[in-house]
Every structure is written in structure tokens, then in C-alpha cells.
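Side chains are part of it too, since the values below use all heavy atoms of this structure and drop only hydrogens, waters and symmetry mates.
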Number of protein chains: 2
Amino acid sequence: MRRSDLERRVTAAAAGSAVTLEMVAREAGVSPSTVSRILNGTAKVRDAKVRAVNAAISKLQFMPDPVARSLAGGKSMSIGVMIQTLDSPFFGGVVAALEKGLMRANYSGLFVSGHWRENDERRCIGHLLSRRVEGIILVTSCLPDAEILHLSRSVPVVLTGRSLVGENVYSVDVDSTQGARLATDYLIGQGHRRVAFIAGPVDHPDAIQRLAGYKASLATHKLPFAKKLVAVGDYTDFGGQAAMNQLLDGGEQFTAVFAANDQTAYGAMLALYRRGVKVPNDVSVVGYDDLLTSAFTIPPLTTVHRSIEGIGECAAQAMLDLIDRRAPVAKVSPATLAVRESARPLRS
Amino acid sequence: MRRSDLERRVTAAAAGSAVTLEMVAREAGVSPSTVSRILNGTAKVRDAKVRAVNAAISKLQFMPDPVARSLAGGKSMSIGVMIQTLDSPFFGGVVAALEKGLMRANYSGLFVSGHWRENDERRCIGHLLSRRVEGIILVTSCLPDAEILHLSRSVPVVLTGRSLVGENVYSVDVDSTQGARLATDYLIGQGHRRVAFIAGPVDHPDAIQRLAGYKASLATHKLPFAKKLVAVGDYTDFGGQAAMNQLLDGGEQFTAVFAANDQTAYGAMLALYRRGVKVPNDVSVVGYDDLLTSAFTIPPLTTVHRSIEGIGECAAQAMLDLIDRRAPVAKVSPATLAVRESARPLRS
DNA sequence: GAATCTTTTGAAAGCGCTTGCAGAACCTAA
DNA sequence: TTAGGTTCTGCAAGCGCTTTCAAAAGATTC
């Protein structure tokens, strides 16, 4: 948009009496219905009128009022996005991509944060519903399946970080099992035999998958699963630090750690640093997510890369598909390993 | 909200025919106007009726439709937030706080990202205007003053990261000069005489303030300002790394660096690490912002702490004040120094 | 108890747009 | 040219709420 365009629009808004569809109709010498139909492509309109209306529209700088539109048509052109917290690099990235994808289709996103609390989530969803969103995207919801299914009876639902099948539901498949496996495989491939794992919150589907991937890799390589090599974190730096300390105090030896996400890895590395344990010389560390900052930790973090942006884009696309009653097919590309410097072969 | 409440609401939404104010009126045996008045407190209503209406409301689980409300009342109960990018920890934090603050007053935020590009910003603002937001919060806008002033003639504007005075404008004062000064003072207080500075983008008001603070501190301590000790970054990890390399290659000696923001500091520390320069033994580093992760870098980063959340809260509060035609007074608390381990006294 | 002043309430007219319905306009075939 | 079809287009009735205006109900005074 050029500067002058914005100026004009601002001026229009300032006047309070924005141009209405009716004024356009009058200007073009047609009825409001006709203008509406042209705007929405709801019916064929004689070419001459279309031209006249378009002329009037640009002359008057008309912009349909979305509020009136929603009320009359029942469509709000906005879709709700429930996220856990906006101030995490991961969710931030997803939201950024979501915003872009929705905006492209002229939808606005209404973002709300559930803070990992079921009741907050419910309130947020209530809020979204009351705003008449046309669909809801749940990014890592903690709500029970049944409730989500029920929700999907009134609006299309897209979810990430878990899978659920249903009529009006689409799960953006971000299966973390494979990525976790990749990370563990890598560590084992480097010769490590005692690989610890710092898990995410025990009840998150996503965290469960990562644990599963870790176990699966161990099994594939015929390595025993040792309960004492697993500590539970909470996906935060702080939790990672605590978990690592617990691991260190546990007395069980290990030469490598796979942290359930990057922030956890950061915390773990700090705990290691505090005890004088060198990464990667004494212990190798691998994370999960590949946050922007992970390429700048010291040492730069080897981590499972997944396109955070991709998740957002897919979710947005899937939602648009659902709204238009197409079957969504968007898939995120599988996770890969970003090999950097926090892990190295076990020295023999 | 309890689970069953949500269920009911979902069901209502699904049915399409949500409970309307008119149904409440009938149920309570009064006119719709009365119900509206009670809801909005627009007029005194006999106590008995108030009770009857409230009873009807809770019996029917009535929730006023915000869309209809906007259309009729001209208020959209939503305010626009223009941010540069959602996937930065700093902006993420601001947005999180903003969301909370607005939600509390029952406003929804419409978030859009300008990506540091004037034209994107204009387009975003146009979008917000077309959604009939009641106010716009600009988080670190790059638009020229005149344009913002013009915008403020049509909707109240709150801005952060720069100051501008005007009728309908409020700048959340986050003067960075003081913080930058604090950081530099600290470094000098630790005995450092050759303190380098990695600046932010040259044209950002905020970055300019940080540079000014750095210079002011130097001047206060009668230290010369050396152009060769300043490198320009772009507020990203990557830019910080490049700037540090440039500094290192510049040939000018320094024992401390003040980076214009934390991400820049991360990059700088990595560059130092790559060259085998130890932090803080060989070079002290101080950042600015105190991102969540900064307590977990290695070594933990000494940095200027400012309440990121505070900024968001203030901005939200100021906007609500502006809308209600009160003079905003919200102020963010001044920056303080979070002393951690990336800086140490100059060894003599 | 009548007259006057307040306070409370309801009827009705929108807010700006969509849409079902039916009349108008146009086209084809006879 | 006219009947019979199609294809446009306008009218008018909403969407669910707010708000003005005037009437109804109470309160107050003499």
C-alpha cells in the first residue's frame, strides 16, 4: 500500500461516516443488492453495471464493513487460534506463520493463550466462539479428545501436536516420534551407549511421542531402557536445568543427553557448565525444535529441526480447506537433524 | 469456565441460533431495551426487573453477540496491534502481555506484523482500520511521525519504542537511553576503559537511544568515543555475530562490549567463542532486554532488564484510557541491570 | 387529591450488509 | 409478434443489539 492510499483510508475512517455500500449503489445507479452481489460474486451481473459499480467503489474508496458483513452473512472472516503462550520462541514462530497464511486469504486470526490450563482453554474457546470465528486452530491443546470432537460439531477445528480423527477436524501431523528417534539414533550412531533423556511434561501428547521415539531407538539398537536415565522437565530452560541436576545427582553414568526441546537443552547445558562438565567433550547434548537461537548457543546446539513455520502454514491452509469444505492434505515435511557442535562421537 | 459451560456454548453455537437478547427479554417479561440497558448499565432499572432479567440470562445462558453489538453501537471491542515480527522473544513477550491486558477489559487484539517494512506497516494498518478497530497500538513502528499523527486523527494510537506527542497519541515511555547508560556505566565501573558497542539498526529510534546512552556514559566518565569501537548490528543473533567479527578485525583493542540487545549479545558471544576469546575473562559482554533465555546462556548474560511484560501492560492500559478519554498515566518501571556472569571487573 | 416534576420503560428506527422472492428485462423459438 | 424460458435486478425482510423519543409510572408538593 502506498502512503497516499493509507492517508486516504485514514481520512475516511476519521470522518466516522465511512462510505457505505448504499452510497456506492447510489453512485453507480444500481441497488444495494447488486453491489453486494458483485462484491461477493453471488450472482451474475450485467457487465456494464459491474463496471459502473467498480468505478464507484474506487471513486468512493469504499471498503465493506466486516462487522456488518458478519452480522448479516454469518461469516466473520476471522478464525480463532488458541495457543498456549505467545512468549515462547516456538509458539511465536507458529503464530507468525499462521498470521501470514490466514492474512493471505483475507482472514484475520484471533489469538488467545491457554497457558496450558484446561479451564483457560475453555474460556478462550468460549471467547472465540462468541466472536463468531469461522474455525478454530488449536495449537497443542490440553483438552480431552471428546471435547474437541464436540467443538468440531459447531466449527471446523485444526489441531497441531496431536492427532485426532473426525468429521470436521484435521490434525496437522507433526508426529514427534520420528524426530526423537532421529536424535537418539544419531547419538547412538556416534558411539554413545548411555544416552539420557530429559522429557517434557508427562501428560502432553507431544512429549509422550518424544519419549516413545527415544525408547524406540534404544530398542532398535538393543540398548536397555534405564529409568534412571530419564528425568522429567517441563519444556522450559529452568526445568531443563533442574532435570539435568537430577540426572547428575542420580549417580547413573551417561555420555549423552537428548533433551525433549531446545529450551530444555539450554537449561541442561547450563547445569552441565555449572558442574564443570564440558559439552560436547564430556557429554553430548541434542535438542529438539531448532529454535532460531539454537544456532547461537555455546556451543551451537545439535538439534532436531522441524519447520516451525511449516506447521503454522499447514495449519492455516488446512483450516481454509476445511472452511471451503475441501479435504485438507497439507503435510509438514518430516523432521531432520541440524548437526552442529553440541554432540560428538564418543571417544573410545 | 467449567467444562459443561463450554459444552453448552458449543452446542448453542452449533445450533446456529444462539440465545438472543430478545429471548431473554421475553423470558423476563420486559422489553429488549431494558435488557440492553441492564447489560450496559446505560440507565437505571427497577430492582425487581434487574433480578428477573439476570435470572433469565443465567437460565438461558445468554451471551450478547459482540458482532451485533459492534454494528449497533459502533464499538468493535477490538483493538489493533501492529508489531514487527511475532517470532522474536521480545515481541512475543509484549504481545502476550498486551493480550492479557486487553482481554481483561473484554477487548480482543488483532495482531499483524509489519516486518520492519514501511509498506507492510501501511497495509497492516489499513487492514486494522477496515476491521474497525477502536484503537491501534504500534509496537516499534518505522513510520514517519507525520503519518502516525495523521492516523491518530481517526483512532487513538499508543506507541512504544519512540516518543511522539499529540492529541490522541500516547507513547509508552521506554526510553532506552537510561538503560544503555546503566550498562555502560557498569562496565566502566568495573574498570573497563575500552568499551565497544554493537548498535541496532541505525534508523530505529530505539537503537538510536541506546547509542546515545552509550555515548553519554562515555562522556560522563571522560572517556573518548571511538568510532572504531562501534559496529552496527540489526538486533538479531546473526547480525551480532557479524558485528563482533568486524570489531575483532578492526584492530582496535577492547575489553568489554555492550550489545544493543540480547540477541545481538548471543551472536557476539558466539563470535568470541569461535576465536577462542573467553567471556568474561578476556572480554566482558553486557546485553539489553533480559530475554527469558538470557539467564541460561553460557555464561549467563549480564544484561539490562526491562519488564517486557510491563511494556505490554502499559500499552494496553494506555489504550483503554485513551478509548475512555482518560489521560493515560501508565509508566513502565525504569530499566535495571541484571548482573550475571558475562561481565567481570577488568583485571589489572 | 390534583398538579407537576422525575424516573423508568417500551416502541421503533436504525447500524451496513446479505439474501429469498418475485417482477423486469432479455432471449429464443414459433 | 407473442408465448415461454432464462437471466438479471430490486424490494424488503432480516442479522442481534443500541438508542432516541415519548408515553407510563412514581414521587413530590400544595
Side-chain angles (χ1 to χ4, degrees), chain A residues 12-13 15-54 56-57 60-78 106 129-134, chain B residues 9 12-13 15-53 56-57 60-78 106 129-134:
Chain A
S17 77
V19 186
T20 76
L21 177 148
E22 204 179 330
M23 300 166 70
V24 172
R26 198 154 21 194
E27 170 80 24
V30 300
S31 78
S33 345
T34 301
V35 178
S36 169
R37 284 193 267 254
I38 291 176
L39 247 36
N40 300 290
T42 346
K44 261 221 149 64
V45 174
R46 195 129 324 177
D47 239 32
K49 302 208 172 185
V50 174
R51 269 196 303 278
V53 167
N54 282 331
I57 287 179
L60 269 47
Q61 286 282 314
F62 168 72
M63 292 214 351
D65 180 338
V67 173
R69 236 174 176 174
S70 324
L71 183 56
K75 305 201 19 141
S76 63
M77 290 311 275
S78 64
N106 245 305
L129 250 19
S130 82
R131 286 262 169 181
R132 298 281 145 90
V133 294
E134 289 177 49
Chain B
R9 188 169 303 173
S17 77
V19 185
T20 75
L21 175 147
E22 203 177 332
M23 300 165 70
V24 172
R26 199 154 18 195
E27 171 79 25
V30 302
S31 78
S33 345
T34 302
V35 178
S36 170
R37 284 192 268 255
I38 292 176
L39 246 37
N40 302 289
T42 347
K44 261 223 152 64
V45 173
R46 194 128 326 179
D47 240 33
K49 303 207 170 182
V50 174
R51 268 194 304 277
V53 168
I57 287 179
L60 268 47
Q61 286 282 313
F62 169 72
M63 291 220 345
D65 179 339
V67 173
R69 241 176 172 171
S70 318
L71 184 56
K75 305 198 22 139
S76 64
M77 291 312 275
S78 66
N106 245 304
L129 251 18
S130 82
R131 288 262 168 179
R132 301 283 192 271
V133 295
E134 288 178 50

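In this view, A/Arg131 and B/Ser108 satisfy the side-chain hydrogen bond (donor to acceptor under 3.5 Å, both in side chains) rule, not counting sequence neighbours. Not counting sequence neighbours, the partners of A/Ser76 by the side-chain contact (heavy atoms from CB on, under 4.5 Å) test are A/Ser70, A/Ser78, A/Arg132, A/Glu134.
Among the nucleotides D/dG10, C/dT8, C/dG10, the one closest to the side chain of B/Val30 is C/dG10. Listed nucleotides: C/dG16, C/dT9, D/dG10. Nearest to the side chain of A/Ser33: D/dG10. Comparing D/dT19, C/dT18, D/dC17 against the side chain of B/Arg37 picks out D/dT19 as the nearest. For A/Ser36, taking side-chain heavy atoms from C-beta onward, the closest of the listed nucleotides C/dT8, D/dG16, C/dT18 is C/dT18. Between C/dT18, D/dG16, D/dT9, one nucleotide has an atom nearer to the side chain of B/Ala72 than all others, and that is D/dG16.
Regarding B/Leu71, its CG atom lies at a distance of 12 Å from the C1' atom of C/dT18, rounded to whole Å. Per the geometry, CZ belonging to A/Arg46 stands 10 Å off C1' belonging to C/dC27, to the nearest Å. Following rounding to the nearest Å, A/Glu22 (CD) and C/dC17 (C1') show an atom-to-atom distance of 10 Å. Here C/dT9 presents its P atom at 20 Å from CZ of B/Arg26, a figure rounded to the nearest Å. Atom-to-atom, CG of B/Leu21 to C1' of D/dC17 comes out at 6 Å; the value is rounded to the nearest Å. For A/Met77 and C/dT18, the CE to P distance is 11 Å, given to the nearest whole Å. The separation between A/Asn40 atom CG and C/dG16 atom C1' is 13 Å, rounded to whole Å. Counting to the nearest Å, the C1' atom of D/dC15 and the CZ atom of B/Arg69 are 16 Å from each other.
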Does B/Val53 form a side chain to side chain contact (heavy atoms under 4.5 Å, CB included) with B/Leu39? I'd like the steps, not just the answer. CA-CA 9 Å; B/Val53 168; B/Leu39 246 37; 5.6 Å; no

Mind running side chain to side chain contact (heavy atoms under 4.5 Å, CB included) on A/Thr20 and A/Asp65 for me, showing each step along the way? CA-CA 8 Å; A/Thr20 76; A/Asp65 180 338; over 6 Å; no

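Note on B/Lys49: every side-chain N or O is 4.0 Å or more away from OP1 and OP2 of C/dT8. Using a 4.0 Å cut-off, no side-chain N or O of A/Thr20 falls inside it from OP1 or OP2 of C/dG16. For C/dA25, the OP1/OP2 oxygens have no side-chain nitrogen or oxygen of A/Lys44 closer than 4.0 Å.
For the helix from C/dG1-D/dC30 to C/dA30-D/dT1, the angle separating the two terminal helix axes comes to 40°, with each axis derived from five pairs and the value rounded to 10°.
Both B/Ser31 and A/Pro66 lie near DNA chain C, and the one whose nearest nucleotide falls closer to the 5' end is B/Ser31.
For the pair B/Asp47 and B/Arg51, the salt-bridge criterion is met [side-chain N within less than 4.0 Å of a carboxylate O].
Counted by atom type alone, A/Ser33 and A/Ser36 present zero donor-acceptor pairs between their side chains at under 3.5 Å.
Separation of atoms CD (A/Glu22) and CZ (A/Arg26) is listed at 5.5 Å; rounding is to 0.5 Å.
Residues B/Ile38 and B/Thr34 have side chains in contact (heavy-atom distance under 4.5 Å, counting atoms from C-beta outward).
Counting non-hydrogen atoms under 4.0 angstrom, B/Thr34 reaches the backbone sugars and phosphates but no base.
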